[in-house]
Amino acid sequence: MKSKNLIFLLFLFLNCQCLFSQFDYKKFHHDSFVADTHNDVLLRMMEGENLSIKTTKGHSDLIRFKDGGVDAQFFSVWVAPSFLNVNGVDESFNRASAMIDSLNSLIKNNPDKIGLAKNYKDVLKLNKQNKLAALIGVEGGYPILDNIDFVDTLYSKGMRYMTLTWNLNTPWATSAREESRTDTVLQFKGLTEKGKQIVSRMNRLGIIVDVSHIGPQTLEDVLQISTKPVIASHSCVYNITPAFRNLKDDQLKAIAKNSGVVFINFYAAFIDSTFHIKADSISQFYKPSIDSIKNLKLHPDDESLAVETFLSPHYEPIRPELSQLVDHFEYIIKLIGVDHVGIGSDFDGVTALPKEMDDVTFLPNLTRELFKRGYSKKDVKKILGENFLRVLKANSP
């Protein structure tokens, strides 16, 4: 009797495998609405690259967005710490404006391929026109120069989400890194009164509050104030990989209670708990080269980024499996539901990606893996982009 049951189960397994092999997941992916809430490719534009053509560097360009099936992309406006003090002057607003101008230039030069979206309706319209819907997300609140009126200014330039901090604190909000430190005493923790006013202003204007990078106390304060669903534009699960930037279960549950969405980051160090140990060994091997970078006396955060960029080609042998990335999607689905997860790749902003996810053109592989784990077409569509549309619509004025 047992042997018959085993034969029957084997038949079912082989039949399912056969059905999946016949299923065109790539067509499904391209037919679905696909959104990514975090991409740093504007940094490459600032270095003079032409993203109108298929490039050989980085992870994305207009051609590869199309090949990867991306319908809506939040372009990150990230200001490096070095711009916060240029000969005693904070140039972060000017740098952010220049990055937004670079995106506008890309749109102007490619009106048949891409358009600027400022709300939910714009995204749908551009999608019908078979154009990439470009949205602007400012990563870190530094460009508002501690002036709440600059929230309105950046909104007028197209900003539709703002990550309240990067790794550094702002004068009105504390970051995940700074809240996790034990070697210093913070002057405050969470949102100041001005920070609370900024969140309320964002809600009124229709700017999504992005909680990636912010500290636990800041997140708690945000969720007490925000009247709109928040997003974590590029974050992962702390219980799988205990990085200070990743979200713990209580934080994930709180975001779900707010009707928000966590968009999963593809950075190897955030999805694989063993990656940093392996990376440290590689760092030791290349210590002389790293020391030469440190001798440049850069801002500590800029130095860290320069070191990571140098080491990036050497991370190839230690890239995690694609399944480890999907584990983060699955963990969140099991904990808080499929309505609260999406894609926040961090392409062109990270130095190591999982295997089978070399650039944006590999996104259909994620769709393949989700189907392999038994998720329905309805659920996969939510993950790929429908959850994004829901939270965007809820925030649009």
Side-chain angles (χ1 to χ4, degrees), residues 37-38 78-79 81 84 92 137-148 150-151 161-204 207-265 267 269-270 300-301 328 331-332 335-336 340-341 344 346 391 395:
T37 54
H38 199 91
W78 176 75
V79 176
L84 304 184
S92 54
V138 173
E139 183 178 13
Y142 323 110
I144 71 170
L145 301 177
D146 197 25
N147 185 336
I148 194 169
F150 274 72
V151 175
Y161 81 57
M162 183 169 72
T163 321
L164 301 186
T165 71
W166 183 60
N167 287 335
L168 307 174
N169 292 338
T170 62
W172 42 271
T174 47
S175 70
R177 185 181 71 179
E178 294 304 301
E179 283 196 28
S180 69
R181 289 178 62 176
T182 58
D183 60 341
T184 186
V185 177
L186 296 175
Q187 294 180 340
F188 69 96
K189 187 179 285 189
L191 290 176
T192 65
E193 188 57 39
K194 179 177 283 186
K196 294 174 183 178
Q197 292 171 6
I198 288 169
V199 169
S200 295
R201 180 74 67 89
M202 291 170 69
N203 281 168
R204 287 199 299 274
I207 303 169
I208 303 171
V209 179
D210 178 16
V211 301
S212 285
H213 279 293
I214 66 174
Q217 184 59 56
T218 304
L219 176 59
E220 184 177 329
D221 292 348
V222 165
L223 295 178
Q224 288 179 354
I225 298 163
S226 182
T227 59
K228 304 284 183 68
V230 304
I231 65 168
S233 69
H234 57 308
S235 293
C236 291
V237 176
Y238 185 91
N239 272 9
I240 297 177
T241 308
F244 68 81
R245 265 269 281 112
N246 286 348
L247 296 166
K248 297 180 180 179
D249 284 5
D250 60 334
Q251 295 174 303
L252 294 170
K253 291 175 182 177
I255 291 170
K257 188 176 180 181
N258 165 266
S259 298
V261 180
V262 177
F263 296 91
I264 301 298
N265 193 318
Y267 180 37
F270 293 160
D301 286 295
H328 287 258
Y331 186 98
I332 290 178
L335 182 70
I336 58 176
H340 304 287
V341 67
D346 214 351
V391 78
N395 277 272

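Heads up: numbering here begins at 1 and tracks the sequence.
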Heavy-atom closest contact ([X] atom, [Y] atom, distance):
X      : Y      : answer
Arg201 : Val151 : CG-CG1, 4.1 Å
Thr241 : Ala269 : CG2-O, 3.3 Å
Pro143 : Val79  : CG-CG2, 3.9 Å
Leu84  : Tyr142 : CD2-CB, 3.7 Å
Asn265 : Cys236 : O-SG, 3.1 Å
Ser175 : Trp166 : CB-O, 3.2 Å

Consider only side-chain N and O atoms of [X] and [Y], and report whether a donor and an acceptor are under 3.5 Å apart.
X      : Y      : answer
Tyr331 : Asp249 : yes
Ser233 : Asp210 : yes
Thr170 : Thr165 : no

With a 4.5 Å cut-off on side-chain heavy atoms, are [Y] and [X] touching?
X      : Y      : answer
Val237 : Asn246 : no
Glu179 : Gln217 : yes
Met162 : Leu164 : yes
Ile231 : Tyr161 : yes
Leu186 : Asn169 : yes

If a pair satisfies ring pair (Phe, Tyr, Trp, His ring centres under 6.0 Å) and one of its residues is in residues 219-239, list it, with sequence neighbours excluded.
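Pairs touching residues 219-239 that pass the test: His38-His234, His213-His234.
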Can you check side chain to side chain donor-acceptor pair (under 3.5 Å) on Thr163 and Ser212, steps first, answer last?
CA-CA 6 Å; Thr163 321; Ser212 285; over 6 Å; no
Output the distance between atom [atom1] ([X]) and atom [atom2] ([Y]), rounded to the nearest 0.5 Å.
X      : Y      : atom1 : atom2 : answer
Leu247 : Ile332 : CG    : CD1   : 7.0 Å
Glu178 : Ile214 : CD    : CD1   : 14.0 Å
Thr37  : Phe263 : OG1   : CZ    : 5.0 Å

Looking only at atom types and distance, does a side-chain atom of [X] sit under 3.5 Å from a main-chain N or O of [Y], one as donor and one as acceptor?
X      : Y      : answer
Ser180 : Ala176 : yes
Thr174 : Gly190 : yes
Asn395 : Val391 : yes
Asn167 : Arg177 : no
Ser226 : Val222 : no

Partners meeting side chain to side chain contact (heavy atoms under 4.5 Å, CB included) with Thr192 (sequence neighbours left out)
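With neighbours one apart ignored, the set is Trp172, Phe188, Lys194.
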Would you mind writing out the side-chain donor-acceptor pairs for residues 251-261 within the sub-3.5 Å range, not counting sequence neighbours?
| residue | atom | partner | partner atom | Å |
| --- | --- | --- | --- | --- |
| Gln251 | OE1 | Lys248 | N | 2.8 |
| Asn258 | OD1 | Val230 | N | 2.7 |
| Asn258 | ND2 | Lys228 | O | 3.2 |

What do the steps show when you test Ile264 against Ser235 for side chain to side chain contact (heavy atoms under 4.5 Å, CB included), and what is the final call?
CA-CA 5 Å; Ile264 301 298; Ser235 293; over 6 Å; no
